[in-house]
There are 2 protein chains.
Amino acid sequence: MTEVQSGTPRRRRGEHRPTVADVAHKAGVSAMTVSRVVNGDTHVREATRIRVLAAVAELGYVPNQAARSLAGGKQFRIALLHSNPSAAYLSEFMVGALREASASGAQLLVEHCAENPDPAAIAVQLADHRIDACLLPPPLCDDARLIAAMLEQGMPIAQVATGQPHPQASSVAIDDEAAAHAMTARLIAKGHRRIGFISGNPNQTASALRRAGFARALAEAGIAADPRLIANGDFTYRSGLAAARKLLGCKPRPTAIFASNDDMAAASVAVAHQQGLDVPRDISICGFDDTAMATTIWPELTTIRQPITEMARIAVKALVKRSKPGAPAPRPMQLKFTLVGRESDGAVPPK
Amino acid sequence: MTEVQSGTPRRRRGEHRPTVADVAHKAGVSAMTVSRVVNGDTHVREATRIRVLAAVAELGYVPNQAARSLAGGKQFRIALLHSNPSAAYLSEFMVGALREASASGAQLLVEHCAENPDPAAIAVQLADHRIDACLLPPPLCDDARLIAAMLEQGMPIAQVATGQPHPQASSVAIDDEAAAHAMTARLIAKGHRRIGFISGNPNQTASALRRAGFARALAEAGIAADPRLIANGDFTYRSGLAAARKLLGCKPRPTAIFASNDDMAAASVAVAHQQGLDVPRDISICGFDDTAMATTIWPELTTIRQPITEMARIAVKALVKRSKPGAPAPRPMQLKFTLVGRESDGAVPPK
DNA sequence: CTGAAAGCGCTTACAG
DNA sequence: CTGAAAGCGCTTACAG
């Protein structure tokens, strides 16, 4: 047995793990009181709380989740419904969702579904799996038919990263408009005037918001909008390739491209390279999302980072909270984004 | 309430869910017998089993996992330890791990750790979180020091995708050597003789296996190994960029490049494009892993697919099984890979 | 602010 | 092959 340093007592696996009873005994209180302290109940005398906490630490007590949810009669099952698995996004999302689920004793089920799911089929699937609430990352967060059907059935849902929160759903998002505005303003501050924009999938509500932020920054800087500098994409790399080709074909050429996500920005970098352009010396290129793609390619992309893990965590928390009596009505929540400046953008090139 | 079609009875959330007692009553047996049937115990008369199963179906009974693990006294906690989060890999991995964990009533904890973790620190972390077993995806699956330390402590572990299974660990992998051999043979069959190879991170045991498979295929075809056609990479896109430049600088130029993973293959495509080469007309490029990168870029990559989700599922299953009395000794398991032919490779170009 | 009792839904010995 | 009883570790009313 390797000797390790820690304040927590070591014990071989298989040995008896401390229970509330052990803690109660050591602290000289009842099991109930231990439970109260552990669950953050406020109606406990401070001295008692301290004694219990000390016993918990000394014994290395960790609550048994199974007993907890059995006694609580909860056994809350949350489905993470996803289609179109942007694997990188999903992975960050799952880490956050799982963390909160395990902290609050809920069970997380990951269910894949069609890109354009049949609401009735989903309803069956959820009922068969005894799902109590649903987590909807993009693009499902924007599927109005699906959401209406679930809500009508009384299924609590949380939309993550939608631009259009449903009043009866919990939702967590960033301010996509403000983020796009910030990125565009950064480019303008670096001297760019001819900035190409690649829009995202029109079916996702965030797409319009990003475009609106771009347009507002331009307007605020007194730069006339040039429709030829807007290219339609759909968030795929392939659509980014076509859009970038269109943009780079304009005369005079734009000095910067702001793509609505990283995949399309990466495609723009590829097209620029094919045309013998150096990034960022000859042209600046920025993305959105800060997915793995942003740091995989070279140069690494300046982009907008959403706190995906945290957003998922909060969404799960909201769902769990709503399952308890006296829960407040669902409401939209907004988290801060970060503009991550890396190597793909720079000053406007001299004439 | 939307009307849905299904054999399972619908009920509003919050309503009483059927328990073993309900099933037992309906089937005219004891709760014990229901438990036996549900858990696949063989010592049950066939007629009884059928009756119980019918009751289960009719009531839409689903066992309560919390009660199950509480009664079973298990409450098995498995840590998925990961560093260097190749997000795409991790996401597929988590889906599989989570699926099996929830099916077998184990709890899955996702713990991030340093790229080159201090075994003692990890031991503390695991003990603090009351971890019963550990899941090690790459590159941690190849960290000999970490593995030795955990094993010494008596921690059951499962290595996924290692080229060098530890005799005391469970392990699940594909045959990396055979996969690389298959890919190389495919290229040879298409007429290629000058095939460049980009190796992976030398710290991962799979790297050497992939290279060995490449070499064997060459030897079997009677093609002399040319050391100038081997470039060292480390699995990053950036290293792929440098390796591809080196390879494409050879005279005569290789007609194909086989990179040890998709990121490096994607980098090779980028370099080829920069040099005005068409893929696959002028040069064939293949990857390994079938990550999101493979289908994101254009042309889509011909690559090797590992059943990552299934590998993770099996690894969890092995760990859970080993936690039960009378479990067999851990052993290495091997799953089938698939060669996925897409658009990045073709016939050797005419002279 | 604190506690004694009951019970959550299952499985594990122990019988027969 | 089948069942009655006890108990897993917690929390929830209900008291005081």
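Within every chain, numbering begins at 1; the chains are lettered A, B, ... in the order of the sequence lines, protein sequences first and strands thereafter. Side chains are part of it too, since the values below use all heavy atoms of this structure and drop only hydrogens, waters and symmetry mates.
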J.: Please report, rounded to the nearest Å, how far the P atom of D:dC1 is from the CD1 atom of B:Ile50.
T.: 14 Å

J.: For B:Leu70 and D:dT11, what is the distance between atoms CG and P respectively, to the nearest whole Å?
T.: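 Whole-Å distance recorded here is 12 Å.
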
J.: Taking B:Asp132 for its side chain and B:Arg77 for its backbone only, find out whether a donor-acceptor pair lies under 3.5 Å.
T.: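 Yes, B:Asp132 side chain to B:Arg77 backbone: donor-acceptor pair under 3.5 Å.
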
J.: Please report, rounded to the nearest Å, how far the P atom of C:dT2 is from the CZ atom of A:Arg36.
T.: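 Result: 8 Å.
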
J.: Taking atom C1' of D:dG9 as reference, at what distance in whole Å does atom NE2 of A:His25 sit?
T.: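 One finds 18 Å between C1' of D:dG9 and NE2 of A:His25, rounded.
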
J.: Whom does D:dA15 pair with, Watson-Crick or G-U wobble, provided both distances fall under 3.5 Å?
T.: C:dT2

J.: Do any side-chain nitrogens or oxygens of A:Thr33 fall under 4.0 Å of OP1 or OP2 in C:dG3?
T.: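 Result: yes.
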
J.: 5'-most contact on DNA chain D: B:Arg45 or A:Ala21, nearest heavy atom basis?
T.: B:Arg45

J.: For B:Asp22 and C:dC8, give me the distance from atom CG to atom C1', rounded to whole Å.
T.: 14 Å

J.: Let me spell it out: for each of A:Asn64 and B:Met32, pick the nucleotide of DNA chain D with the closest heavy atom. Which residue's pick is nearer the 5' end?
T.: B:Met32

J.: Are any of B:Thr19's side-chain N or O atoms less than 4.0 Å away from OP1 or OP2 of C:dG9?
T.: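 So the side-chain polar atoms of B:Thr19 never come under 4.0 Å of the phosphate oxygens OP1 or OP2 of C:dG9.
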
J.: Donor-acceptor pair, B:Gln159 side chain versus B:His166 backbone, under 3.5 Å?
T.: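 Side chain of B:Gln159 to backbone of B:His166, a donor-acceptor pair under 3.5 Å: yes, one is there.
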
J.: What verdict does the side chain to side chain donor-acceptor pair (under 3.5 Å) test give for B:Arg331 and B:Ser170, after you've listed the backbone C-alpha separation in whole Å, the side-chain angles of each residue and the deciding distance to 0.1 Å?
T.: CA-CA 5 Å; B:Arg331 63 190 178 81; B:Ser170 301; over 6 Å; no

J.: Can you figure out which of D:dC8, D:dG3, D:dC10 approaches the side chain of A:Tyr61 most closely?
T.: D:dC10

J.: Between C:dT11 and B:Ser35, is there an OP1 or OP2 to side-chain N/O distance shorter than 4.0 Å?
T.: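 Checking B:Ser35 against C:dT11: at least one side-chain N or O falls below 4.0 Å of OP1 or OP2.
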
J.: A:His43 has an atom NE2; how far is it from atom P of D:dA15, in whole Å?
T.: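 Whole-Å distance recorded here is 19 Å.
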
J.: On the nucleotide D:dT2, are OP1 or OP2 found under 4.0 Å from the side-chain N or O atoms that B:Thr48 carries?
T.: yes

J.: Please answer whether the main-chain N or O of B:Ile157 pairs with a side-chain N or O of B:Arg322 as donor and acceptor at a distance below 3.5 Å.
T.: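 Indeed, once roles are kept as given, a pair shorter than 3.5 Å links the two residues.
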
J.: Can you check whether A:Val38 reaches A:Val34 side chain to side chain, under 4.5 Å on heavy atoms?
T.: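 A:Val38 reaches A:Val34 side chain to side chain.
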
